[in-house]
Amino acid sequence: MDDVMTIPFFKPSADIIKPYALMDLDDTLFQTQRKIDAWQVPTAEPEHLVCATVNKQNEPLSFMSQRQATFFNWLLNSTELIVVTARDRSEIKRVKLPFDSWQVLTHGAIILTADGQLLSAWQQHMHSKLAPLQDKLNQLSELFASHSKSEQSHLVFTPHVDSFNNGSVNEELTIYLAIKHAQKDHQALVELAKKLPTLIRDFEQDFYVHVNANNLAILPHAVHKRHAVQFLLDNHLDHQRPSFGFGDSLADLPFLQLLDWYGMPSRGQMHEQYPS
């Protein structure tokens, strides 16, 4: 009882310690017009939208609603905002929003510092994990590249590649494989995901599959947002500062569970999985 009595009561303070906000991007802070059209809510009408990303032709591609833009502006001014996204280093450049802290990219395979430099220790770690899997990733790449060329195929295949330092030289390695359906047939991707373990030996020992909307990703187990966020929390972030985050996908949940608080938008894969 005496110990309890020595604990002080809370006192408001003007000294603000900014929490870390670790944020997924696509379908959490912004989304394409096609997805917005399905909302049918007044705050998502065209006159209220803010452009967030552009395509390869520099044309507007994804947008924030009025509420999302207000939320993002609050995050920028009240937190240290850390990006945690599946986007790679070229794709993140098409996001036209100001970021000035750490960036976890390519499903966690890449970590950029606040000044945009590759985090060397993480580079070397990922090189050690990815290098042994290159033969299998190349084998899968050849299978999908060949299949996508057939007239009957509606699959759009993209290997995601980046440069990794092993401590002495830079080496270009395949990180993961992405597949979309040209006609946005989500069920076709779900069925494909079921067949993947039969394509190469020990598939499930080395890889996992994530399907969300019109995106299917084949990823090495070492590539995960959770692993990269854990590395930042353990080695680079201030343990005294609180953290929270948001994500829309089931693949976001493992990294969010590392934080003090987390949430999800009221639309998206996670919301559909856990409806009210």
Side-chain angles (χ1 to χ4, degrees), residues 21-76 81 83-88 90-99 103-107 154-158 160 176 178-193 209-219 225 245-256 262-276:
L22 288 83
M23 306 296 297
D24 174 56
L25 297 180
D26 292 82
D27 298 327
T28 297
L29 290 179
F30 51 75
Q31 54 286 307
T32 62
Q33 185 67 59
R34 179 177 64 86
K35 293 181 180 180
I36 292 173
D37 290 341
W39 293 359
Q40 297 181 338
V41 295
T43 55
E45 291 177 351
E47 61 268 27
H48 297 303
L49 298 182
V50 176
C51 181
T53 81
V54 296
N55 60 20
K56 292 180 181 178
Q57 292 73 43
N58 207 37
E59 301 164 335
L61 179 63
S62 297
F63 307 89
M64 292 190 291
S65 69
Q66 189 178 52
R67 287 184 178 180
Q68 286 174 321
T70 299
F71 178 52
F72 182 68
N73 189 63
W74 173 76
L75 289 170
L76 284 180
L81 179 62
V83 170
V84 184
T85 179
R87 286 178 175 256
D88 62 27
S90 62
E91 293 167 337
I92 196 67
K93 292 176 182 177
R94 297 199 290 272
V95 178
K96 302 304 179 181
L97 299 175
F99 302 126
Q103 295 184 43
V104 174
L105 308 179
T106 324
H107 287 283
H154 297 288
L155 301 180
V156 181
F157 165 71
T158 306
H160 286 258
Y176 79 99
I179 301 172
K180 293 178 179 287
H181 195 280
Q183 297 179 343
K184 295 180 170 56
D185 187 341
H186 173 72
Q187 192 55 38
L189 294 181
V190 171
E191 294 302 317
L192 174 61
V209 179
H210 171 58
V211 182
N212 185 15
N214 193 39
N215 298 285
L216 183 154
I218 303 171
L219 301 116
K225 292 177 179 179
F246 284 85
D248 73 290
S249 165
L250 290 172
D252 293 322
L253 189 56
F255 97 76
L256 293 173
Y262 64 88
M264 59 185 172
S266 59
R267 300 170 184 86
Q269 187 184 46
M270 198 153 31
H271 179 74
E272 291 169 3
Q273 182 75 14
Y274 303 106
S276 58

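Everything numeric here is computed off the predicted structure, so don't read it as measured data.
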* Indicate the atoms forming the closest heavy-atom contact of Met64 with Gln31, along with that distance. => CA-NE2, 4.4 Å

* Asked: Nearest 0.5 Å, what's the CG-CG distance between Leu189 and Asn212?
  -> 10.5 Å

* Structure fact -> ring pair (Phe, Tyr, Trp, His ring centres under 6.0 Å) test vs Phe246 passes for just one of Tyr262, Phe71, Phe72, namely Phe71

* side-chain contact (heavy atoms from CB on, under 4.5 Å), paired with Lys96, selected from Leu61, Val50, Val54 -> Val54

* To do: Report yes or no: does His107 contribute a side-chain atom to a donor-acceptor pair with the main-chain N or O of Lys225 at less than 3.5 Å?
  => no

* Structure fact -> Between Asp24 and Phe255 the two heavy atoms that sit nearest each other are N-CZ, 4.5 Å

* Search all heavy atoms of Leu29 against all heavy atoms of Gln68 and return the closest pair with its distance. => O-CD, 3.4 Å

* To do: Can you spot which of Leu75, Thr85, Asp252, Val84 makes a side-chain contact (heavy atoms from CB on, under 4.5 Å) with Met23?
  => Leu75

* Asked: Going through the checks in order, is the side chain to side chain contact (heavy atoms under 4.5 Å, CB included) test met by Leu76 and Leu97?
  -> CA-CA 10 Å; Leu76 284 180; Leu97 299 175; over 6 Å; no

* **Evaluation steps, side chain to side chain contact (heavy atoms under 4.5 Å, CB included), between Ile36 and Arg34** => CA-CA 6 Å; Ile36 292 173; Arg34 179 177 64 86; over 6 Å; no

* Asked: Is there a donor-acceptor pair under 3.5 Å between the side chain of His186 and the backbone N or O of Ala213?
  -> yes

* So, does Asn55 use its side chain to make a donor-acceptor pair with the main chain of Asn58 at under 3.5 Å? -> yes

* side chain to side chain contact (heavy atoms under 4.5 Å, CB included) between Ile92 and Leu25, worked out -> CA-CA 10 Å; Ile92 196 67; Leu25 297 180; 3.7 Å; yes

* Asked: From Thr53 OG1 over to Lys93 NZ, what is the distance, rounded to the nearest 0.5 angstrom?
  -> 15.5 Å

* Shortest non-hydrogen separation from Gly247 to Leu256 and the atoms involved -> N-CD1, 3.7 Å

* Structure fact -> Distance col, row Asn215:CG vs Thr158:OG1, nearest 0.5 angstrom, shows 10.0 Å

* How far apart are the C-alpha atoms of Leu216 and Val209, what are their side-chain angles, what is the distance that settles it, and do they pass the side chain to side chain contact (heavy atoms under 4.5 Å, CB included) test? -> CA-CA 7 Å; Leu216 183 154; Val209 179; 4.0 Å; yes

* Structure fact -> Here the gap from Thr28 atom OG1 to Arg267 atom CZ, rounded to the nearest 0.5 Å, amounts to 12.5 Å

* Checking side-chain hydrogen bond (donor to acceptor under 3.5 Å, both in side chains) for the pair His160/Asp88: CA distance, chi angles, key distance, verdict? -> CA-CA 8 Å; His160 286 258; Asp88 62 27; 3.0 Å; yes

* To do: Considering non-hydrogen atoms only, spot the tightest contact between Phe63 and Cys51 and give its length.
  => CD2-CA, 3.8 Å

* Asked: How many angstroms lie between atom CE of Met264 and atom CG of Asp27, to the nearest 0.5 angstrom?
  -> 14.5 Å

* Considering non-hydrogen atoms only, spot the tightest contact between His181 and Ala188 and give its length. => CD2-CB, 3.7 Å

* Asked: Gln269 side chain to Asp248 main-chain N or O, any donor-acceptor pair under 3.5 Å?
  -> no

* Calculate, to the nearest 0.5 Å, the distance between atoms OG and NZ belonging to Ser90 and Lys56 respectively. => 7.0 Å

